[in-house]
Amino acid sequence: MIKIATWNVNSLRIRLSHVLEWLEQNKPDVLALQETKVVDDKFPHADIEALGYHVIFTGQPTFNGVALLSRVSPQEATTEIEGLDAAQRRVVAATLGSTRVINLYVPNGQSVDSDKYQYKLDWLQTMRRYLKNELAQYQQLIVMGDFNIAPADIDVYDPKAWKGHVLVSEPERQALHEIQRLGLSDVFRTKYPDVVGYTWWDYRAAGFRRNLGMRLDLMLASKSLIQCCKHCEVDAAVRALERPSDHALLFAEFDTQL
DNA sequence: ATGGTGGTGAAACCA
């Protein structure tokens, strides 16, 4: 059995104790982190390695940044994707055992009338091309992270109010759908078609207390992996911790080897 | 309808 998790930590330096505690208590094989917001020189790798994890990371000042933690040594690590703006550090991929693991922090898009929205759609199209090529090379593959897209209305606390807005707009959902059409299944939704599984609640307006959430963090698994998925769950307890990230953690268990 | 909070890095921007 392998256990794989993803978490947008919104600053790894602020959330390091949360991450270390979750690792110790849950002992996943893989943990993908987004919005580390730390440059490589200041990445707290020693604390993570002390718990028995390898870690690869790519960061920049102030924004973005991703890391991939694993019990086994990562091979074929990549942080540069052809066609993607290299100034924004949003991707880390590696081969762990015989599984290809790709960790994403998809652009937020800000609002549908923003230049950042078109950047997001272009980014997703480039990512689709990359993933198509990866799927041609690796049978057992998982793509996970903060997609900044709520796939369907069940994933939105107030779909009427949000209709057409960034995070839920049709072009974004279509771009995600095109990625899934490559042969990647939304793990949580496949396992639990009718369960609300929010992973993000706005810091503002007491979003978490009032459960005004969205499901923006996803795991997409290739056929051989989804077939052996035993469980997938949002760990919302981390959203209730002192000084939390605005995202919960998502994890899944698969009845296979890495 | 608006604004509410939090992170970065030291004001304004992003989410």
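Quick caveat: nothing in here was measured; it's all calculated off a predicted structure. In what follows, chains are A, B, ... by sequence order, proteins preceding strands, each numbered from 1. In what follows, every heavy atom counts, from backbone to side chain, and hydrogens, waters and symmetry copies are set aside.
- Within the cation-pi definition used here (under 6.0 Å to the ring centroid, within 45° of the axis), A:Lys230 does not qualify as a partner of A:Phe254.
- Taking the P atom of each, B:dG9 and B:dG4 are spaced 24 Å apart, rounded to whole Å.
- A:Thr199 pairs with exactly one of A:Asp155, A:Asp217, A:Thr6, A:Asp146 by the side-chain hydrogen bond (donor to acceptor under 3.5 Å, both in side chains) rule, that one being A:Asp217.
- Here, B:dA1 and B:dC13 have their P atoms 27 Å apart, quoted to the whole Å.
- Counting to the nearest Å, the P atom of B:dG7 and the CG atom of A:Asn8 are 12 Å from each other.
- Salt-bridge formation is not detected for the pair A:Arg189/A:Asp194: no Lys NZ or Arg NE/NH1/NH2 atom is positioned less than 4.0 Å from an Asp or Glu carboxylate oxygen.
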Residue pair A:Val143, A:Leu131: steps toward the side chain to side chain contact (heavy atoms under 4.5 Å, CB included) verdict: CA-CA 9 Å; A:Val143 187; A:Leu131 293 174; 3.7 Å; yes

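- For the pair A:Glu35 CD and B:dT8 P, the computed distance is 10 Å after rounding to whole Å.
- No side-chain heavy atom of A:Leu33 sits under 4.5 Å from any side-chain heavy atom of A:Tyr105.
- Residues A:Thr256 and A:Gln140 are in side-chain contact: their nearest non-hydrogen atoms beyond the backbone lie under 4.5 Å apart.
- Rounding to whole angstrom units, NZ of residue A:Lys42 and P of B:dT8 are separated by 11 Å.
- One can place CG of A:Asn64 at 11 Å from P of B:dC14, the figure rounded to the nearest angstrom.
- Taking atom C1' in both B:dA10 and B:dC14, the straight-line distance is 15 Å, to the nearest Å.
- Atom CG of A:Asp115 has 12 or fewer neighbouring heavy atoms from other residues, nucleotides or ligands inside a 6.0 Å radius.
- Rounded to whole Å, the separation between the C1' atoms of B:dG6 and B:dA11 comes to 16 Å.
- Sparse packing is recorded around CD of A:Gln125, with 12 or fewer heavy atoms of other residues, nucleotides or ligands lying under 6.0 Å away.
- When rounded to the nearest whole Å, the span between CH2 of A:Trp200 and P of B:dT5 equals 15 Å.
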Which nucleotides of DNA chain B pair, in dot-bracket form (Watson-Crick or G-U under 3.5 Å, | meaning another strand): ....((((...))))

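- In this structure, A:Arg71 is positioned above the aromatic face of A:Tyr53, its NZ or CZ under 6.0 Å from the six-membered ring centre and within 45° of the axis.
- At a non-hydrogen distance threshold of 4.0 Å, A:Asn10, A:Ser11, A:Arg13, A:Ile14, A:Arg15 from residues 10-20 of chain A come into contact with DNA chain B.
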Could you go through nucleotides 10-12 of chain B and list every protein N or O atom that sits under 3.5 Å from one of its N or O atoms, giving the distance for each pair?
none

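- Contact of the A:Asn64 side chain with the A:Lys37 side chain is not registered, since no non-hydrogen atoms from C-beta on lie closer than 4.5 Å.
- One can place CG of A:Asp115 at 11 Å from P of B:dC14, the figure rounded to the nearest angstrom.
- Between A:Asp246 and A:Thr36, the residue anchored nearer the 5' end of DNA chain B, judged by the nucleotide with its closest heavy atom, is A:Thr36.
- Applying the side-chain hydrogen bond (donor to acceptor under 3.5 Å, both in side chains) test to every pair with at least one member in residues 22-33 of chain A, sequence neighbours left out, gives these pairs: A:Trp22-A:Asp235.
- Atom CD of A:Gln60 is separated from atom P of B:dC14 by 13 Å (rounded to the nearest Å).
- The residue among A:Gly109 and A:Arg243 whose nearest nucleotide of DNA chain B lies closer to the 5′ end is A:Arg243.
- In the hydrophobic clustering, A:Val166 connects to A:Val112, A:Tyr117, A:Leu121, A:Ile154, A:Val156, A:Tyr157, A:Trp162, A:Leu167, A:Val168, A:Val196, A:Tyr198, A:Trp200, A:Trp201, A:Phe208, A:Leu212, A:Met214, A:Leu216, either directly or through intervening members, whenever side-chain heavy atoms lie under 4.5 Å apart.
- Screening A:Gln75, A:Gln139, A:Glu134 against A:Arg100 for a side-chain hydrogen bond (donor to acceptor under 3.5 Å, both in side chains) leaves a single residue, A:Glu134.
- Relative ring orientation between A:Tyr192 and A:His231 is described as perpendicular, the plane-to-plane angle rising above 60° on a 0-90° scale split at 30° and 60°.
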Distances for protein N or O near nucleotides 1-4 of chain B N or O, under 3.5 Å:
unit_1: B:dG4; atom_1: O6; unit_2: A:Arg204; atom_2: NH1; d: 3.4

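- Counting to the nearest Å, the C1' atom of B:dA15 and the CZ atom of A:Arg90 are 11 Å from each other.
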